[in-house]
Amino acid sequence: MSDLRAGVGGRVLAGRWRATPAHVRSLALGLVLVAAGVVLRRPDAVVLGGPLLLVALWATTRRPTTDPAVHARVGHPLLREGQATTWRATVEPHPDVEEVGLTLLPTPYTAYSPSSRSLSATTDGTEPTTVSLVCRSTRWGRRPLGPATVALTSPLGAFRWEPEPVSLAPIPTVPLPDSFTARVAVPRPDGLVGQNRSHHPGDGGELDQVRPFRFGDRLRRVHWPVSVRTGELHVTATHADQDSEILLLVDAMNDLGQSEGLGGSSSSLDNAVRAAGAIAEHYLRAGDRVGLIVLGARDLPPVTAAAGPHHLRRLLDALARTTVADGTVSDEKRLRSQLRHHVPAGTLAVILTPAVSPDVLAHAVGLSRRGISVVTVDTLPAHLATGDIPLERLAEVVATSADHPAESRLAWRLRLLERNREMARAREAGVPIVPWAGPGTLDLVLRDLGRRSRSPRVVSR
């Protein structure tokens with residue numbers, strides 16, 4: 001029985017040599033023809049079966065006695081959407097190996113080169129032989145490449161060394177963030193060090209005013225042109241620079257639409273994951289702290305808010321492990337427990353949702369009433385936000401559209417009406433809802449939130 005052992009730089013495969021069907025047929029047919037020719041005195045049968053028998057006997061005497069050393073590995077431990085890696089099988093020099101073959105079973109959202117997912121190579125017995133199949137991941141997630149079948153054949157194709165199908169560890173494919181920039185600062189920065197302008201003076205880079213010198217001011221703050229003109233020392237006062245905390249809440253309770261991978265149509269969860277990656281990358285580069293909670297996801301704990309380039313890797317890894325909820329009672333309980341998380345004051349909460357779950361919109365309203373700056377990003381694909389969608393697209397949102405097309409279209413229209421009503425109530429409660437549009441998506445909303453944060457308001461505790 002073949003087994004699979006861990007090796008250095010990949011995995012070492014183990015198997016045993018077995019006779020190929022062609023070798024068995026050649027040996028059996030040669031014996032039958034030679035025996036029949038001798039018994040029946042038919043020299044033509046001996047002429048036909050003799051070469052087959054001689055070649056089969058010669059191959060049998062050269063039966064391989066030692067196992068080859070075969071290493072299997074994947075070229076990259078991590079991919080981004082659209083990137084490619086190689087599934088490699090390396091065979092160390094072995095005198096009894098003549099040809100190496102590799103075949104991979106298909107994996108969703110993966111493109112292969114060659115497209116047949118099979119290739120072979122011959123060995124010279126003096127140098128290692130490597131066969132590699134290029135695999136390109138076209139969608140975020142954990143991509144299990146394979147299982148793969150590796151086969152080695154001896155000279156004349158008489159014996160084949162074939163281990164059990166090889167399944168390597170899944171390769172995480174992190175989402176390729178959409179292009180996103182925000183020229184408006186976060187409304188209420190509440191950290192220690194950052195690039196956001198604070199509302200109170202302190203050490204920073206943005207000028208506040210030029211004022212008379214007071215005891216304790218640093219001499220490097222002296223503004224000499226004004227001091228010379230007025231005859232008294234004046235110093236420059238600046239606004240303090242602070243960082244802010246961004247909390248991303250990705251709604252994974254529903255996945256509406258068809259996901260075709262990079263370059264094709266995107267589902268609501270695709271839009272949410274890629275938008276979350278873009279927002280996280282933008283604010284982390286600005287020095288802010290970013291946290292993540294995937295609502296409805298199983299076995300995916302929240303990512304605590306932190307800063308730095310390494311934290312972006314943690315966020316993208318968490319987004320790559322996102323899976324849509326099954327819609328069971330346990331998922332609803334998990335969602336309610338996740339919605340009870342603590343959100344510190346001064347946090348900007350960005351909720352990415354297709355807005356078909358009333359609990360998520362209600363949570364956004366609750367955060368806004370507590371004084372938290374909330375922005376809701378609508379991730380529902382634009383072609384699904386209308387009741388007059390084609391019949392082939394209707395199957396993306398209603399499972400029974402093929403059997404009951406008219407009833408399914410009516411049900412989706414009613415759900416869109418409820419969705420519009422819930423979104424209107426959220427807007428009336430002060431929660432802005434904007435569709436995802438890449439760069440500048442949050443600029444107008446953040447500008448309005450900044451003005452609102454500077455005005456007095458009543459909040460509930």
Side-chain angles (χ1 to χ4, degrees), residues 178 180 182-188 244-257 267-269 271-272 274-276 278-279 283 293 295-296 335-336 338-341 343 345-389 397 412-461:
D178 291 336
F180 172 77
R183 293 172 292 181
V184 181
V186 177
R188 300 173 63 186
S244 57
E245 180 174 335
I246 315 297
L247 178 61
L248 302 175
L249 294 99
V250 177
D251 184 4
M253 292 297 295
N254 300 279
D255 188 13
L256 303 177
S267 64
S268 61
L269 191 56
N271 295 335
R274 291 167 183 159
I279 296 173
Y283 284 109
I293 297 178
L295 302 176
L335 175 63
R336 287 193 293 268
Q338 290 174 332
L339 295 180
R340 290 194 293 267
H341 66 279
V343 181
T347 301
L348 172 63
V350 181
I351 303 177
L352 301 106
T353 174
V356 295
S357 177
D359 294 335
V360 176
L361 289 179
H363 181 62
V365 174
L367 291 178
S368 179
R369 290 176 178 174
R370 288 169 46 196
I372 305 296
S373 299
V374 182
V375 178
T376 301
V377 178
D378 183 10
T379 60
L380 184 69
H383 64 274
L384 298 180
T386 174
D388 298 328
I389 60 177
V397 293
W412 179 241
R413 287 179 177 178
L414 293 176
R415 187 64 193 92
L416 288 178
L417 291 176
E418 295 177 357
R419 176 178 180 268
N420 295 334
R421 182 190 61 184
E422 293 162 0
M423 293 173 62
R425 290 180 177 178
R427 290 191 179 98
E428 292 175 357
V431 177
I433 301 177
V434 294
W436 176 251
T441 300
L442 306 181
D443 282 347
L444 294 178
V445 175
L446 294 180
R447 187 178 295 113
D448 294 340
L449 290 176
R451 295 170 182 171
R452 190 186 308 172
S453 65
R454 293 188 292 270
S455 62
R457 59 184 302 186
V458 178
V459 298
S460 58
R461 299 295 182 183

Decide, yes or no, whether a salt bridge links Arg421 with Glu418 under the criterion of side-chain N to carboxylate O below 4.0 Å. no
Which atom pair, heavy atoms only, marks the closest approach of Gly296 to Gln338? N-OE1, 2.7 Å
Rounding to 0.5 Å, atoms CG (Leu361) and CZ (Arg425) come to a distance of 11.0 Å
May I ask you to decide if Ala429's main-chain N or O and Arg369's side chain share a donor-acceptor pair within less than 3.5 Å? no
Does the side chain of Ser267 come within less than 4.5 Å of Pro381's, by heavy atoms? no
Please check if the side chain of Trp436 supplies one atom and the backbone of Leu352 the other of a donor-acceptor pair under 3.5 Å. no
Let me know which of Leu248, Val250, Val350 forms a side-chain contact (heavy atoms from CB on, under 4.5 Å) with Val377. Val350
Just to verify, what does His341 make a ring pair (Phe, Tyr, Trp, His ring centres under 6.0 Å) with, not counting sequence neighbours? His363
Quick check: closest heavy atoms across Leu335 and Ser357, and the distance to 0.1 Å? CD2-OG, 4.3 Å
Please report the interatomic distance CG(Leu380) to CG(Leu416), rounded to the nearest 0.5 Å. 7.5 Å
Any chance you could measure Leu269, atom CG, to Asn254, atom CG, to the nearest 0.5 Å? 9.5 Å
Trace of the side-chain contact (heavy atoms from CB on, under 4.5 Å) decision for Asp251 with Ile351: CA-CA 7 Å; Asp251 184 4; Ile351 303 177; 5.7 Å; no
Which heavy-atom pair separates Ala426 from Ile433 by the least distance, and what is that distance? CB-CD1, 4.0 Å
Roughly how far, to the nearest 0.5 Å, is CG of Leu295 from CZ of Arg336? 13.5 Å
Identify the two heavy atoms, one from Thr386 and one from Trp412, that lie closest to each other, and give their separation to 0.1 Å. O-NE1, 3.7 Å
Non-hydrogen atoms of Ala355 and Arg419 that approach each other most closely: O-CG, 3.2 Å
In the structure I gave you, are the side-chain heavy atoms of Met253 and Asp359 within less than 4.5 Å of one another anywhere? no
If we ignore hydrogens and angles and just use 3.5 Å, is the side chain of Glu422 paired with the main-chain N or O of Val356 as donor and acceptor? no
List the atom of Asp378, the atom of Met423, and the distance in Å for their closest heavy-atom pair. OD2-CE, 4.2 Å
Out of curiosity, Leu249 CG to Thr353 OG1, how far, rounded to the nearest 0.5 Å? 10.0 Å
Could you give the distance from CG (Asp255) to CG (Asn271), rounded to the nearest 0.5 Å? 9.5 Å
